[in-house]
There are 2 protein chains.
Amino acid sequence: MIKVVEAEAIIQAQARNYGVEVVPLEQALGRVLAVELTADRDLPPFNRVAMDGIAIKYDAFESGTRSFRIQATQAAGDKPAEVFAADACVEIMTGAALPSMLDTVVRYEDLEIKDGVATVLTDAVKQGQNLHQQGKDKKVGEVVAPANKLIDAALIGVAASVGATALRVKTLPKVVVISTGDELVEVQEAPLPYQIRRSNSYTIQAALQQYGIQAAQLHIPDDKESIKHQLAGCLQAYDVLLLSGGISMGKYDFVPQVLEELQVSKLFHKVQQRPGKPFWFGKHANGVLVFALPGNPVSTFMCFHRNFVPWLKASIGLPVTQAFAALSTDFAFEPDLQYFLQVSISINTNGQLVATPLVGNGSGDFANLVEADAFLELPAEKRNFKQGEVYRIWPFKPVLY
Amino acid sequence: MIKVVEAEAIIQAQARNYGVEVVPLEQALGRVLAVELTADRDLPPFNRVAMDGIAIKYDAFESGTRSFRIQATQAAGDKPAEVFAADACVEIMTGAALPSMLDTVVRYEDLEIKDGVATVLTDAVKQGQNLHQQGKDKKVGEVVAPANKLIDAALIGVAASVGATALRVKTLPKVVVISTGDELVEVQEAPLPYQIRRSNSYTIQAALQQYGIQAAQLHIPDDKESIKHQLAGCLQAYDVLLLSGGISMGKYDFVPQVLEELQVSKLFHKVQQRPGKPFWFGKHANGVLVFALPGNPVSTFMCFHRNFVPWLKASIGLPVTQAFAALSTDFAFEPDLQYFLQVSISINTNGQLVATPLVGNGSGDFANLVEADAFLELPAEKRNFKQGEVYRIWPFKPVLY
């Protein structure tokens with residue numbers, strides 16, 4: 001049985017680049033940008049007027065001129081006016097391109113306008129004021145978004161502004177979520193007293209959807225030949241097999257044996273963690289990876305977030321965020337295993353993340369996960385964990401939103 | 001001009017319930033559960049075997065029996081075996097339903113099995129061990145997920161387990177995102193030197209998508225009659241109009257005037273905040289709300305997150321999370337406005353959120369938003385903000401993931 005950090009190192013060593021594909025801008029939200037985006041023009045592309053008012057030559061103002069003849073009115077989107085006389089101005093709107101002969105904008109609030117003449121009512125005018133200078137944010141060719149960035153709403157807007165109607169994004173691995181277990185019936189079925197409904201595949205499929213992956217689903221009965229036949233097909237059709245169940249010591253836990261018969265090399269079986277101890281991980285000669293997670297719902301969920309997600313992030317170029325939270329109360333855990341405690345997360349008025357244990361009824365109590373926000377990772381070496389001590393968290397909900 | 005908290009109170013008073021609709025479980029991720037979900041059976045629905053091994057009568061073990069005849073083998077999903085003799089046992093697998101006459105499970109690791117007889121090798125056997133008792137997590141009829149809960153992967157799994165093939169969720173408001181401004185051209189167009197591409201609507205549309213809202217998009221030229229005609233149509237077709245631009249003091253800023261002509265009552269215009277000061281908010285007699293955001297991209301983005309999202313959350317039943325972060329460095333801001341500073345967020349090893357200012361080039365520098373994670377809300381009453389002081393943040397990225 002290996003330690004959690006050892007399992008992590010073995011898994012992360014299998015991170016793999018699945019390539020690049022092009023998607024329309026409208027479908028890029030939540031994907032990962034594969035190449036940097038650069039400015040196709042300066043940003044702003046012209047000296048952009050930032051207040052409604054008049055544009056003047058500062059020299060004229062400095063020489064004492066206070067009344068300016070309005071020679072033209074220029075809206076945003078209008079071709080810039082041409083102004084030559086020192087005492088002339090352009091009545092100009094926010095977003096307009098400053099005429100090339102002018103350099104300063106005085107806002108309406110500081111003007112009196114009468115009979116086509118604008119009189120400046122203040123002496124506090126600075127050269128270049130109320131302008132957003134061409135190229136101040138970015139110069140043409142400069143990076144506006146780096147590669148390996150999660151595409152969020154802000155990035156979508158920046159991409160639109162540089163004319164990127166389609167984006168090069170990281171290709172996501174093709175994933176199939178496979179459940180085993182003859183006790184499982186479909187969600188719409190009425191289970192017999194000794195049966196339960198299939199839920200793990202739904203959970204994992206939804207969790208993958210949050211990373212943009214539309215996974216396939218497959219249920220295989222606990223029959224060795226069926227398992228072998230179906231897994232053989234999956235090893236040809238997908239990049240990653242995410243199994244749940246069938247990997248413990250039971251007589252019908254055929255998964256590890258079948259995987260080895262199918263030339264999937266075991267990279268490890270069993271990790272010093274609770275939940276999730278029976279976790280099996282392997283790799284086919286063709287590069288396909290198999291994450292065989294324990295079938296217990298909380299174990300599946302924990303292994304997905306602690307053992308699979310970091311691999312996914314590494315494979316698509318995202319960093320694995322290190323997040324920490326302080327225990328709200330003492331907690332004890334005896335066994336020599338890394339314990340992943342279900343916690344709810346709050347933020348105190350010091351800005352500190354606080355983890356409150358939701359102990360539940362052991363690793364089988366997955367109804368608990370509805371109220372929990374994260375797993376708190378408690379080191380195997382310790383037994384007693386004190387209020388205020390800080391440990392790493394593995395959030396599975398957007399607790400800050 | 002009103003304060004930020006006053007604007008918030010006026011907006012939140014307009015929170016509205018848009019009703020309930022039913023969606024298939026597969027499409028429910030990211031929606032808000034409208035009614036509580038209850039267990040249709042006990043969870044677990046039977047005394048569930050939690051380890052592979054044998055099921056015995058504890059009384060027999062206590063009376064000294066150590067060798068048990070294997071009378072049957074029972075896999076998960078099998079009908080429970082019937083066992084009457086005290087020295088008989090059932091070889092049984094994780095997930096199986098415990099036979100009614102038996103009460104304790106001994107795992108394979110503590111057994112020797114030979115010639116159809118299992119011998120227990122340990123004296124440390126407790127009555128009821130290695131079982132997940134029927135109803136221990138939830139009793140039939142108990143709430144497994146409360147109403148007004150964001151539907152995440154864990155909730156999807158719990159819903160599947162109680163047989164909910166469809167979920168009653170909060171109906172989302174119908175939203176149209178409207179841009180104005182004659183300087184704006186489409187993303188695929190090559191702008192003239194004094195034009196820029198339309199980006200705000202893309203940003204807002206993507207931000208709404210993160211809340212499950214598929215918003216319509218509309219661009220209206222800066223022409224009073226067009227604006228009036230189009231807005232009149234929108235006021236009949238949508239629940240919420242999210243405009244950007246056209247609300248300042250410019251000669252072509254027709255939006256506030258046209259909205260009042262269309263019987264949209266102004267609830268406020270201008271908020272003591274930067275960016276986002278010219279924000280206009282109103283309500284039509286038919287209940288339609290109009291959020292008219294300033295056209296500057298950072299202003300639009302800030303108002304969306306600070307002024308619109310809390311309204312949306314209140315309307316669909318989600319709490320508005322209060323999150324705080326500590327400033328990483330001193331910062332000064334002179335004007336008498338609530339300042340929303342663009343910050344990146346990190347989590348230190350104490351679990352504290354730390355906000356690092358990305359000052360950028362004023363409210364127009366929206367390329368900055370690609371690197372920022374949140375707005376730090378700095379009170380208008382203060383001028384100097386010191387390193388280590390803690391203020392409220394408005395995150396717009398999932399910083400903990």
Side-chain angles (χ1 to χ4, degrees), chain A residues 29 43 46 52 75-77 80 93-95 97 108 132 136-138 144-145 152-158 160-161 163 165 181-183 187-188 194-195 197 199 202-203 206-207 209 248-250 252 323-326 347 349-353 361 364-365 367 369-370 390 395 397-400, chain B residues 29 46 52 75-77 79-80 93-95 97 108 132 136-138 144-145 152-158 160-161 163 165 181-183 187-188 194-195 197 199 202-203 206-207 209 248-250 252 323-326 347 349-353 361 364-365 367 369-370 390 395 397-400:
Chain A
L29 187 70
L43 282 180
F46 44 78
D52 306 306
M93 305 307 144
T94 302
Y108 278 131
H132 193 175
K136 195 180 177 209
D137 296 349
K138 298 284 176 188
V144 293
D152 57 17
L155 203 156
I156 292 277
V158 168
S161 75
T165 53
D182 282 349
E183 75 276 29
V187 175
Q188 65 276 12
Y194 45 90
Q195 295 178 325
R197 296 192 188 86
S199 66
Y202 287 89
T203 309
Q209 210 177 316
S248 288
M249 291 193 69
Y252 310 102
F324 305 90
I347 300 160
T349 50
N350 282 328
Q352 193 187 33
L353 299 175
N361 299 302
D365 188 1
L369 290 173
V370 169
V390 173
K397 294 188 190 173
V399 295
L400 284 192
Chain B
L29 187 70
F46 44 78
D52 306 305
K79 191 173 173 188
M93 305 307 143
T94 301
Y108 278 131
H132 193 176
K136 194 179 177 208
D137 297 348
K138 299 283 175 188
V144 292
D152 57 18
L155 204 156
I156 292 278
V158 169
S161 75
T165 53
D182 283 349
E183 75 276 29
V187 176
Q188 66 275 15
Y194 46 90
Q195 294 177 325
R197 296 191 187 87
S199 66
Y202 286 88
T203 309
Q209 209 176 317
S248 288
M249 293 194 68
Y252 310 102
F324 304 89
I347 301 161
T349 49
N350 281 327
Q352 192 186 33
L353 298 175
N361 299 303
D365 187 2
L369 290 173
V370 170
V390 174
K397 294 188 190 172
V399 295
L400 284 192

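Below, all heavy atoms of this structure are taken into account, side chains as well, without hydrogens, waters or symmetry copies. To find a chain, count down the sequence lines: A is the first, B the second, and so on, and within it residues start at 1.
Judged purely by atom type and a 3.5 angstrom limit, Gln352(B) has no side-chain atom pairing as donor or acceptor with the backbone of Ala326(B). The main-chain N or O of Val370(B) is found under 3.5 Å from a side-chain atom of Lys397(B) such that the two form a donor-acceptor pair.
Note: Ser161(B) leads Ala97(B), Ser161(B), Ala145(B), Gly95(B) in heavy-atom pairs under 4.5 Å with chain A. Contact count against chain A (heavy-atom pairs under 4.5 Å) is highest for Ala154(B) among Pro80(B), Ala154(B), Ser248(B). Most heavy-atom pairs under 4.5 Å with chain A, from the set Thr94(B), Ile156(B), Leu369(B): that is Ile156(B). Between chain A and the residues Ala207(B), Gly181(B), Ala75(B), Gly163(B), the largest count of heavy-atom pairs under 4.5 Å involves Gly163(B).
With sequence neighbours excluded, the residues that form a side chain to side chain donor-acceptor pair (under 3.5 Å) with Tyr108(A) are Glu91(A).
Proximity to chain A involves both the backbone and the side chain of Val187(B), based on heavy atoms less than 4.5 angstrom apart. Heavy atoms of Met249(B) lying under 4.5 Å from chain A belong to its backbone as well as its side chain. Asp52(B) touches chain A through its side chain: at least one heavy atom from C-beta onward sits under 4.5 Å away, while N, CA, C and O do not. Interface residue Leu29(B): only side-chain heavy atoms are found under 4.5 Å from chain A.
The CG atom of Asp182(B) sits 9.5 Å away from atom CD of Gln195(B), with the distance rounded to the nearest 0.5 Å.
At least one side-chain heavy atom of Tyr252(A) sits less than 4.5 Å from a side-chain heavy atom of Met93(B). Taking the side chain as every heavy atom from C-beta outward, His132(A) and Asp137(A) approach each other to under 4.5 Å.
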